[in-house]
Amino acid sequence: MQIRNQDTPYGLRMPKGMREQVKAMAAENGRSMNAEIVFHLRKALGVASGYSGSQPDVPGTRDE
């Protein structure tokens with residue numbers, strides 16, 4: 001079994017209906033749900049750290 005170098009998984013509870021919204025947004029943007037959530041978290045957190053709109057180290061993301 002190969003061990004992948006990745007971050008620790010984190011269980012996330014979302015308000016009712018939000019999962020379907022994230023799923024739809026991810027499909028529209030050609031990303032997985034995880035990549036969509038990470039994209040938006042980085043965008044929100046990046047305001048203080050020079051967010052540029054590009055996340056080449058997150059699989060499934062693309063420039064917006």
Side-chain angles (χ1 to χ4, degrees):
M1 183 170 132
Q2 184 179 9
I3 298 174
R4 293 175 53 187
N5 184 16
Q6 65 183 28
D7 294 326
T8 304
Y10 178 81
L12 176 67
R13 291 186 292 268
M14 293 184 238
K16 192 173 188 172
M18 186 178 285
R19 185 180 193 282
E20 289 305 314
Q21 288 178 306
V22 172
K23 186 176 182 178
M25 287 174 64
E28 287 176 22
N29 293 316
R31 294 189 270 257
S32 68
M33 286 181 63
N34 186 79
E36 188 71 20
I37 292 166
V38 170
F39 173 83
H40 289 284
L41 284 171
R42 285 183 174 216
K43 188 174 177 181
L45 296 171
V47 172
S49 63
Y51 170 72
S52 68
S54 178
Q55 300 77 31
D57 59 331
V58 178
T61 62
R62 66 175 195 214
D63 290 350
E64 292 284 307

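Distance CG/Asn29 to NE2/His40: 6.0 Å, rounded to 0.5 Å. Interatomic distance, CE of Met14 versus CZ of Arg19, reported as 6.5 Å (0.5 Å rounding). Atom CD of Glu36 is separated from atom NZ of Lys23 by 13.5 Å, given to the nearest 0.5 angstrom.
Linking Ile, Leu, Val, Met, Phe, Trp and Tyr whenever their side-chain heavy atoms come within less than 4.5 Å puts Met33 and Met18 in one cluster. In the hydrophobic clustering of ILVMFWY residues, with side-chain heavy atoms under 4.5 Å counting as a link, Tyr10 and Ile37 come out together.
Shortest non-hydrogen contact noted between Ala26 and Ser32 is CB-O, 3.6 Å.
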